[in-house]
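To start, the structure under review is shown below, and the notes come after it.
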Amino acid sequence: MEKITCVLYNPFDIERQNLVLLLASIDFIELIGQSSNLEDCIDLNNNLEPQLLFIAVKPNQNHAFKVLEKLKKQPTIIFIIDDETAIEAPANGSFYYLNTPVKLPDVQNVLKNFTKTHRQLADKMQGLLNKLKFND
């Protein structure tokens with residue numbers, strides 16, 4: 001399996017280091033950048049173009065969402081939220097999120113859902129390509 005590249009933004013050192021350790025234990029994940037600074041996070045994403053962006057969001061602080069506006073290429077976003085933020089998050093499954101403190105089974109579950117969704121999309125795309133007829 002090809003490794004999934006990711007970047008991590010979290011201004012809180014302990015939370016960020018915890019997730020770094022958890023991601024290091026998953027063999028198909030490659031953490032290619034991490035930051036505690038929003039501008040650095042934007043630069044990392046725009047230069048490295050990861051497939052996933054883990055981004056911390058705290059109640060009453062929308063600055064993390066401003067990162068999304070400045071990205072050249074949009075990775076899949078996995079929000080890292082606390083219980084207070086979770087109340088505000090829609091439960092429709094339109095995005096991925098992890099509650100703090102982040103635990104390995106939760107990370108594995110989110111990544112399992114991510115890979116399943118992307119596998120389904122790849123299969124649909126392949127089906128469409130197979131239906132196309134190209135002229136030589």
Side-chain angles (χ1 to χ4, degrees):
M1 170 183 253
E2 184 177 320
K3 289 197 175 209
I4 298 170
T5 59
C6 64
V7 165
L8 165 61
Y9 162 74
N10 194 324
F12 304 99
D13 290 338
I14 293 172
E15 288 181 16
R16 190 177 64 258
Q17 291 308 317
N18 176 53
L19 189 52
V20 166
L21 293 172
L22 294 175
L23 292 172
S25 71
I26 301 172
D27 62 350
F28 62 90
I29 292 294
E30 181 180 2
L31 180 62
I32 57 175
Q34 61 173 300
S35 176
S36 62
N37 176 288
L38 283 172
E39 291 303 318
D40 290 344
C41 176
I42 293 165
D43 289 343
L44 285 169
N45 276 278
N46 288 338
N47 292 327
L48 302 175
E49 296 185 351
Q51 294 166 285
L52 293 174
L53 169 59
F54 290 85
I55 187 165
V57 177
K58 298 295 179 184
N60 303 318
Q61 296 178 343
N62 67 355
H63 60 271
F65 291 104
K66 293 181 183 187
V67 168
L68 306 180
E69 297 169 2
K70 297 181 180 182
L71 300 180
K72 291 179 186 173
K73 183 176 178 186
Q74 185 75 40
T76 297
I77 307 298
I78 300 176
F79 292 103
I80 304 164
I81 58 177
D82 59 26
D83 290 338
E84 293 176 41
T85 310
I87 294 169
E88 301 167 15
N92 64 7
S94 62
F95 61 87
Y96 303 98
Y97 69 93
L98 295 166
N99 283 322
T100 59
V102 178
K103 297 177 182 89
L104 184 58
D106 298 330
V107 174
Q108 291 170 325
N109 189 45
V110 164
L111 294 173
K112 177 182 170 187
N113 290 336
F114 168 78
T115 55
K116 178 181 175 184
T117 298
H118 285 272
R119 189 177 320 112
Q120 290 171 343
L121 290 172
D123 290 346
K124 286 181 182 179
M125 182 62 73
Q126 187 61 49
L128 290 172
L129 289 174
N130 289 339
K131 289 180 181 180
L132 293 174
K133 295 185 179 185
F134 296 99
N135 294 328
D136 290 339

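Side chains are part of it too, since the values below use all heavy atoms of this structure and drop only hydrogens, waters and symmetry mates. Residue numbers count from 1 along this sequence. Note that the structure is a prediction, hence the values are computed from the model and not measured.
Side-chain contact between I55 and F79 is present, with at least one heavy-atom pair separated by less than 4.5 Å.
The distance from the CG atom of L53 to the SG atom of C6 is 9.0 Å, given to the nearest 0.5 Å. Between the CG atom in L52 and the OG1 atom in T76 there is a gap of 6.0 Å [rounded to 0.5 Å]. To the nearest 0.5 angstrom, I26 atom CD1 is 9.5 Å from I4 atom CD1. In this structure, CD on E30 lies 10.0 Å from CG on L48, to the nearest 0.5 angstrom. Going from atom CG of L71 over to atom CG of N46 covers 5.5 Å, rounded to the nearest 0.5 Å.
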Exercise. Apply side-chain contact (heavy atoms from CB on, under 4.5 Å) to L98 and I81, showing your working.
Key: CA-CA 6 Å; L98 295 166; I81 58 177; over 6 Å; no
Quiz item: So F54 and V7, side-chain contact (heavy atoms from CB on, under 4.5 Å) or not? Walk me through it.
Solution: CA-CA 6 Å; F54 290 85; V7 165; over 6 Å; no
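The shortest non-hydrogen separation linking F114 to Y96 is CA-OH, 3.4 Å. Listed here is the closest heavy atom pair of P75 and P50: CB-O, 3.3 Å.
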Quiz: residues 38-45 side-chain donor-acceptor pairs under 3.5 angstrom, not counting sequence neighbours:
unit_1	atom_1	unit_2	atom_2	d
N45	ND2	C41	O	2.9

Enumerate, atom names and distances included, each donor-acceptor pair closer than 3.5 Å involving a side-chain atom of residues 103-112, sequence neighbours excluded.
none

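Hydrophobic clustering (ILVMFWY, side-chain heavy atoms < 4.5 Å, transitive): F28 and L21 are in distinct clusters. A continuous path of ILVMFWY side-chain contacts below 4.5 Å connects V20 to L23, so both sit in one hydrophobic cluster. The cluster map of Ile, Leu, Val, Met, Phe, Trp and Tyr, joined by side-chain heavy atoms under 4.5 Å apart, puts V102 and I14 in different clusters.
Evaluation of the side chain to side chain contact (heavy atoms under 4.5 Å, CB included) rule for E49 yields K73 as partners, not counting sequence neighbours. Judged as a side chain to side chain contact (heavy atoms under 4.5 Å, CB included), and not counting sequence neighbours, the contacts of E15 are N10, F12, K58, T100. Scored by the salt bridge (Lys or Arg N to Asp or Glu O under 4.0 Å) test, D13 finds R16 as partners (sequence neighbours excluded).
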